[in-house]
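This structure is a prediction, so every number in the text was calculated from the model and none was measured. Hydrogens, waters and symmetry mates are skipped; everything else that's a heavy atom, side chains included, is used. If you read the sequence from its start, that first residue is 1, and numbering goes on from there.
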Amino acid sequence: MWKNPRFLLHSCRSNLHQLWRRSFLSDSYSCQEIWDKRMTSPEFKSLKVANLHYELDLQFSHFAKAPPVEVDMLVNLVRSEDSMDEVQDILHKFRLSPETIDTLPSTHHGVIRYYLEVDHIKSLINILDDRLSYGIFPDDYLNNFLMDTFLKRKLYLEAAKVATNQALQETYDHPISKYMGIYSCLKYLNEPSDWHVHDPVPEPEPEDDVKVKVRFLINPYFDDHFDLRQPGDLIGKTFIFIGKGLKDPVGNSLILYGLVMRKKLEKAKGFADTLASGKENVCGDVLTLVGEALNVEIAEAEKEEFEKKKSDLLESLKKIENQTVPETLISLVEGRLKDAVSKHEMNDIQNQCKLYDQWEKDRVHLYLELLEQRDRERRLAEVNNKLRELEEKEEELYYFQMKDKMEIQMEEKLKEIRKREEKLQAIRKAEAEEYIPPEMPRTIGTPNEAPKQLT
């Protein structure tokens, strides 16, 4: 039966909207149903966020540490947006404690998913960027989940930051993570936005010389990895790291593009020459992307050298103009990403659901062990206090009965002390009597003549 064209148009738009909302991963990838079952065990029914935070804060104040399972319970129990400051404070204190090495894997999931649920993306990105202060490291599943969530919302900057952080940790083993990381960075480069750089502000030089006592001096050092701050360096590092594992036009294109973004033009020239000699292909648009990346502002002092290296690189790029495949870099990456999702998504969902179920069991087990340990410590303290009270009471009850015996013991000790002192005095006296002082010869004479011995 004939349908209204307006209805068909509306239906097509709705389907396209749903397709865009789906992005690459399905809604099932979030494992939301089993995730919502966390902290629902009977052992956690009486827990309150405020009480748990107070207990943790008290432990950090007194002992500068807290059990990892209680930190995990807090970040998985919290739901309200009003608790963000408390969560961030506890995470920072826990990161400074020795127990941070025993952080539970469910803690990372709890923190990241909490900030996603309260929709504070900026705070989440700050925590992920400051790994030294908060110690939150997403795994492959979380990286996939985060990047896909940000891509759905067209938050390409945030997706690219997740991708570059993963490259710094050198954990691009998962096929979905690998191609979604490349795709996120390419989307950001197509639609760039302000990338906040956490560079320390140098202090102004004092007018007068000021001497400051320090324990030791730290020589300036740049590790070319964790010290990277600029988006071009971070994305270029990501492209190079992933590209080295891909021996095909996509990998070749990523390495070449990444070297240019990092302004390593000499290495880029050498790599282009290697591609030319080996007749290896690159993506159809990568030469255009490289040319755009070369058009950057350079400091006047370095401009002459940069232009020379740029000219040499362009000459080498001409050698591989005929070694391109028709597909663009982003289209190839998108196709491989969809293929990786179709192969690995269902397996990821099954494994993650099993992990969430196991983590809840582990959390209950660790919490019961903690309660048992605290009960054992409490009972031991009560026994010690009771013994101390009994000793004090025994001294009070039997003081007069033991008085004579104690006086005899004290007299015997005094006699031993007197004997030791008399023996020491006798030894010193004998040594004094046997001591003969040396004889010193007497001499006379003037300052200008040799002394003469008296006879």
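In this model, a donor atom of one side chain and an acceptor atom of the other lie less than 3.5 Å apart for D36 and Q32. Between the side chains of S331 and T328, a donor-acceptor pair is found at a separation under 3.5 Å. Side-chain atoms of E377 and Q373 include a donor-acceptor pair closer than 3.5 Å. For the residue pair D148 / Y29, no side-chain donor-acceptor distance below 3.5 Å is found, with atom types taken as modelled. For D362 and Q358, the side-chain atoms include at least one donor-acceptor pair closer than 3.5 Å.
Separation of atoms CG (L186) and CD (E191) is listed at 12.0 Å; rounding is to 0.5 Å. Rounding to the nearest 0.5 angstrom, the gap separating the CG atom in L287 from the OH atom in Y257 is 12.0 Å. If you take CD on Q350 and CG on L355, they are separated by 12.0 Å, rounding to the nearest 0.5 Å.
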Original post:
For K338 and E334, what are the C-alpha separation, side-chain angles and deciding distance, and is it a salt bridge (Lys or Arg N to Asp or Glu O under 4.0 Å)?
Top reply: CA-CA 6 Å; K338 291 178 179 179; E334 184 175 357; 3.6 Å; yes
**OP:** Under the side chain to side chain donor-acceptor pair (under 3.5 Å) rule, what do S177 and N143 come out as? Steps first, then yes or no, please.
**Re:** CA-CA 7 Å; S177 302; N143 281 317; 5.6 Å; no
**OP:** Walk me through it: do H109 and Y356 pass the test ring-ring contact (aromatic ring centres under 6.0 Å, His included)?
**Re:** CA-CA 10 Å; H109 284 246; Y356 282 156; 5.6 Å; yes
**OP:** Mind running side chain to side chain donor-acceptor pair (under 3.5 Å) on N165 and Q169 for me, showing each step along the way?
**Re:** CA-CA 6 Å; N165 284 340; Q169 298 301 320; over 6 Å; no
**OP:** Could you give me the CA-CA distance, side-chain angles and deciding distance for F44 and Y367, then say whether ring-ring contact (aromatic ring centres under 6.0 Å, His included) is met?
**Re:** CA-CA 9 Å; F44 304 134; Y367 182 53; 5.5 Å; yes
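Remark: R113 is positioned above the aromatic ring of W35, its terminal NZ or CZ atom under 6.0 angstrom from the ring centre and at most 45 degrees off the axis.
When atom types are taken as modelled, the side chain of S41 and the backbone of E43 share no donor-acceptor pair closer than 3.5 angstrom. Of the possible polar contacts, one joining the N384 side chain to the L380 backbone as a donor-acceptor pair under 3.5 Å is found. R95 contributes a side-chain N or O that, together with a main-chain N or O of L132, makes up a donor-acceptor pair within less than 3.5 Å. Proximity of a side-chain donor or acceptor of E280 to a complementary backbone N or O of N252 within less than 3.5 Å is not detected. The closest donor-acceptor contact from the side chain of T107 to the backbone of T103 lies at 3.5 Å or more, if one exists at all. A donor-acceptor contact shorter than 3.5 Å is absent between the side chain of E327 and the backbone of C283. Remark: side-chain polar atoms of K247 are paired, donor with acceptor, to backbone N or O of K244 under 3.5 angstrom. Within the 3.5 Å criterion, the main-chain N or O of N126 finds no donor-acceptor partner in the side chain of D130. Not one N or O on the side chain of T100 forms a donor-acceptor pair closer than 3.5 Å with the backbone of S97.
A salt bridge links R363 with E360; the closest basic N to acidic carboxylate O contact falls under 4.0 Å. Salt-bridge check for E382 with K386: failed, with every basic side-chain N at 4.0 Å or more from each acidic carboxylate O. Taking the charged nitrogens against the carboxylate oxygens, R336 and D339 have no contact shorter than 4.0 Å, which rules out a salt bridge. Using a 4.0 Å cut-off between a side-chain N of Lys or Arg and a carboxylate O of Asp or Glu, E411 and K415 do not qualify as a salt bridge. Under the 4.0 Å criterion applied to side-chain N and carboxylate O atoms, K93 and E86 are not assigned as salt-bridge partners.
Among all heavy-atom pairs drawn from M39 and N76, the shortest one is CG-O, 3.7 Å. When all heavy atoms of Y188 and P231 are compared, the closest pair comes out as OH-CB, 4.4 Å.
R153 places a side-chain heavy atom less than 4.5 Å from the side chain of D119. The shortest side-chain heavy-atom distance between R262 and K237 falls under the 4.5 Å cut-off.
Contacts of D285 classified as side-chain hydrogen bond (donor to acceptor under 3.5 Å, both in side chains), with partners at least two apart in sequence or in another chain: none. For Y114, the ring pair (Phe, Tyr, Trp, His ring centres under 6.0 Å) criterion is met by no residue, not counting sequence neighbours.
Between F137 and H108, the ring planes are perpendicular. Angles over 60° get that label, and only those under 30° would be called parallel. Using cut-offs of 30° and 60° for the angle between ring planes, the F24 and Y183 rings count as perpendicular.
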